[in-house]
Structures are given as C-alpha cells and as structure tokens.
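Scope of the values below: all heavy atoms of this structure, side chains included, with no hydrogens, waters or symmetry mates. As the structure is a prediction and not an experimental result, all values here were calculated from the model.
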Amino acid sequence: VSDSLSVIRSGATAVKFLYIKNLGTVECQLALEDDEPDILIPGGAAVSMRTTSTVTTATVKVATASSTTTIEYVIAI
C-alpha cells in the first residue's frame with residue numbers, strides 16, 4: 001500500500017465482512033465508498049467488521065499518509 005488510494009475491492013454487491021491487518025509499521029488508512037479515510041489502522045494492528053444489509057459499501061480503498069506498508073485482507077460479499 002502506498003500514499004495514494006488503492007482500490008482493493010469494487011463492485012455492485014455490498015461487502016458483508018471485512019478484515020484488514022496492517023503488517024507494516026506505517027499507519028494505514030481505510031476508506032469505504034468515498035476517498036475520505038474512515039478508519040486509521042496503526043502498524044501491527046487489525047480491523048474487522050460485519051456489516052448489515054443497510055450498509056451499501058461496495059468499494060474498499062486503502063492508503064498510507066506517507067511511505068508504504070503491507071496489508072493482508074479478507075473480504076466477503
């Protein structure tokens with residue numbers, strides 16, 4: 001992941017479950033739907049969420065504020 005937003009999932013079907021772990025030391029930004037970061041994931045930390053049918057998140061983007069980091073992720077639709 002670099003300092004520009006990277007789409008890791010896009011489509012018409014809403015995401016039901018999302019897990020992202022930041023394997024690096026640089027903070028990672030998670031953006032759902034638009035380009036504004038919704039969640040900041042510190043180095044070594046992870047975030048997971050289960051969404052409801054009223055949440056229509058279909059696009060998931062990640063970036064860093066600077067530099068690069070490595071992530072692992074699982075997305076279920």
Do V26 and T68 pass the side-chain contact (heavy atoms from CB on, under 4.5 Å) test, and can you show the C-alpha distance, the side-chain angles, and the key distance before you say yes or no?
CA-CA 7 Å; V26 176; T68 60; over 6 Å; no
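- Heavy-atom minimum distance, V1 versus A63: CG1-CA, 3.5 Å.
- Distance CD1/I71 to OG1/T69: 8.5 Å, rounded to 0.5 Å.
- In this view, E27 and L40 satisfy the side chain to side chain contact (heavy atoms under 4.5 Å, CB included) rule, not counting sequence neighbours.
- With rounding to the nearest 0.5 Å, the separation of CG in N22 from CD1 in I41 is 6.5 Å.
- Applying the 6.0 Å contact sphere to CD of E72 captures more than 12 heavy atoms from other residues, nucleotides or ligands.
- Across K21 and G44, no two heavy atoms sit closer than the pair CE-O, 4.1 Å.
- Considering all non-hydrogen atoms of both residues, A58 and A12 come closest at CB-C, 4.3 Å.
- Heavy atoms only, all atoms of each residue included: A31 and E36 are closest at CB-O, 3.5 Å.
- Of the possible donor and acceptor atoms, one in the side chain of T51 sits under 3.5 Å from a partner among the backbone N and O of V15.
- Among all heavy-atom pairs drawn from D3 and S66, the shortest one is CB-CA, 4.1 Å.
- Put simply, the side chain of L18 does not reach to within 4.5 Å of the side chain of R9, judged on heavy atoms.
- At a threshold of 4.5 Å between side-chain heavy atoms, the hydrophobic network of Ile, Leu, Val, Met, Phe, Trp and Tyr places I20 and I39 in one connected group.
- Hydrophobic clustering of Ile, Leu, Val, Met, Phe, Trp and Tyr side chains at less than 4.5 Å, counting indirect connections, unites V47 with I75.
- At a threshold of 4.5 Å between non-hydrogen side-chain atoms, the residues L30 and D38 do not count as touching.
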